[in-house]
Protein chains: 2
Amino acid sequence: MGRIDNLDRHILRIICGNARMSFKDVAEQCGVSRAAIHQRVQRMQEQGVITGSGYTINPKSLGYTTCTYVGVKLERGSLYKEVVPQLSKIPELVECHYTTGTYSMLIKLYARDNDHLMQILNSTLQEIPGIIATETLISLDLAFMRNIPIPMIDEDKE
Amino acid sequence: MGRIDNLDRHILRIICGNARMSFKDVAEQCGVSRAAIHQRVQRMQEQGVITGSGYTINPKSLGYTTCTYVGVKLERGSLYKEVVPQLSKIPELVECHYTTGTYSMLIKLYARDNDHLMQILNSTLQEIPGIIATETLISLDLAFMRNIPIPMIDEDKE
DNA sequence: GTTGAAAGTCTTTGCCT
DNA sequence: AGGCAAAGACTTTCAAC
């Protein structure tokens with residue numbers, strides 16, 4: 001996968017929170033040329049360090065009033081691979097993990113209102129074969145949401 | 001907050017998964033001029049519909065091998081406001097919700113390895129006053145992670 | 001929402017360290 | 001290998017319509 005040095009990390013710290021910042025400004029902040037930024041961003045995309053880009057949309061502006069996590073219990077863990085395609089069909093479902101602990105899976109979804117949430121939970125989720133129980137954790141408040149930390153490394157080592 | 005019409009929605013669908021796409025291409029896909037795209041994106045940023053932009057970074061490339069959700073139980077729900085600033089100090093913690101259900105809070109974090117995870121759970125989290133119990137849900141596999149759905153609306157109504 | 005022109009930015013190529 | 005400079009191509013911005 002190739003090493004990610006401190007210049008890479010510096011670039012990532014800047015752009016991971018602002019995809020539309022011009023490479024000229026990134027270059028100035030890093031003290032290198034624009035071309036260097038361009039080459040490194042391109043290389044990191046090829047290496048799979050950077051997997052994509054996007055805008056963050058406020059769910060409320062689209063009419064989604066609630067964000068909910070649901071703990072899903074399966075009849076058998078091995079049903080995981082069969083259940084995922086079914087879950088994937090639910091557009092409101094944005095994240096889907098296979099987990100250790102109390103639940104077999106943890107999923108995240110957005111709903112327009114309580115009726116919509118109930119409809120997803122009862123009519124859609126509970127009807128999927130293999131799912132024997134769900135536990136609903138409604139997010140009443142998002143205290144914070146931020147990017148993964150990007151620590152600098154000791155470049156002499158490694 | 002102003003209405004978001006179908007052209008806005010079309011734009012959002014395109015750019016929310018690709019922040020670096022040129023507005024010229026967006027304009028072509030939408031069948032309008034470049035300036036229209038620019039005006040609308042700017043307006044949506046001012047309105048708070050678009051709250052930011054960024055690159056997605058592969059956690060593994062930074063040395064994070066595990067993604068973990070932790071259900072946190074508080075002594076009293078009202079301690080929430082006091083606990084959040086403490087949690088915010090943990091850089092590996094990327095998301096923090098106040099929730100209904102089994103837990104008082106649900107948090108998401110990244111760890112380099114099992115030792116690192118244990119250290120965050122035992123040394124850091126459990127030491128915060130007000131936290132009486134935690135339940136760890138390690139993500140063994142991320143089946144999918146995608147953007148919130150952006151439905152088109154019936155523009156005659158509303 | 002559109003057009004057109006001016007200002008600024010990105011991307012490529014070849015060169016240098 | 002990796003960083004740099006310059007040129008042409010492309011975008012963004014700002015008018016007036």
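Letters go in sequence order (proteins before strands), and every chain restarts at 1. Keep in mind that what you see is a predicted model, and the values were worked out from it rather than measured.
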Classify the nucleic acid contact of [X] as base, sugar-phosphate or nothing, counting any heavy atom under 4.0 Å across all strands shown.
| X | value |
| --- | --- |
| Ser22(B) | sugar-phosphate |
| Arg43(A) | nothing |
| Ile37(A) | nothing |

Could you check which of [options] has an atom nearest any side-chain atom of [X]?
| X | options | result |
| --- | --- | --- |
| Ala36(B) | dT11(D), dG1(C), dA5(D) | dG1(C) |
| Gln39(A) | dT11(D), dT3(C), dG3(D) | dG3(D) |
| Arg20(A) | dT12(D), dT2(C), dA5(D) | dT12(D) |
| Arg34(B) | dC10(C), dT12(D), dT3(C) | dT12(D) |

Original post:
Is any NZ, NE, NH1 or NH2 atom of the basic residue among Lys81(B) and Asp141(A) found under 4.0 Å from an Asp or Glu carboxylate oxygen of the other?
Top reply: no

Original post:
Looking at Arg43(A) and Asp8(A), does any basic side-chain N land under 4.0 Å from a carboxylate oxygen?
Top reply: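 Yes.
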
Which whole-number value in Å describes the distance from [X] [atom1] to [N] [atom2]?
| X | N | atom1 | atom2 | answer |
| --- | --- | --- | --- | --- |
| Asp25(B) | dC10(C) | CG | P | 16 Å |
| His38(A) | dC10(D) | NE2 | C1' | 12 Å |
| Met21(B) | dC10(C) | CE | C1' | 17 Å |
| Leu7(B) | dT2(C) | CG | C1' | 13 Å |
| Phe23(A) | dG3(D) | CZ | P | 15 Å |
| Gln45(B) | dT12(D) | CD | C1' | 13 Å |
| Lys24(A) | dA5(D) | NZ | P | 15 Å |
| Glu28(A) | dT9(C) | CD | P | 9 Å |

Subject >> Option from Ile138(B), Thr136(B), Thr68(B), Leu137(B) for which side-chain contact (heavy atoms from CB on, under 4.5 Å) with Thr100(A) holds >> reply: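 So, applying the side-chain contact (heavy atoms from CB on, under 4.5 Å) to Thr100(A) and each of Ile138(B), Thr136(B), Thr68(B), Leu137(B), only Ile138(B) qualifies.
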
Original post:
Any idea which heavy atoms bring Pro151(A) and Tyr64(B) closest together, and the distance?
Top reply: CD-OH, 3.8 Å

Subject >> For Gly54(A) against Ala19(B), the heavy-atom pair lying closest together >> reply: N-CB, 3.6 Å

Subject >> Pair Thr102(B)-Glu135(A), side chain to side chain donor-acceptor pair (under 3.5 Å): steps then yes or no >> reply: CA-CA 8 Å; Thr102(B) 319; Glu135(A) 220 170 275; 2.3 Å; yes

Original post:
Using the C1' atoms of five pairs at each end, what's the angle between the two axes of the helix from dG1(C)-dC17(D) to dT17(C)-dA1(D), to 10 degrees?
Top reply: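 For the helix from dG1(C)-dC17(D) to dT17(C)-dA1(D), the axes at either end differ by 40°.
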
**OP:** Name all residues meeting the salt bridge (charged side-chain N to carboxylate O under 4.0 Å, His left out) criterion together with Glu95(B); count only those two or more places apart in sequence or in a different chain, and write none if there are none.
**Re:**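 Once residues adjacent in sequence are excluded, the partners of Glu95(B) under the salt bridge (charged side-chain N to carboxylate O under 4.0 Å, His left out) criterion are Lys108(A).
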
Original post:
Any side-chain N or O of Arg40(A) under 4.0 Å from OP1/OP2 of dG3(D)?
Top reply: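 Answer yes for this pair, as a side-chain N or O of Arg40(A) is under 4.0 Å from OP1 or OP2.
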
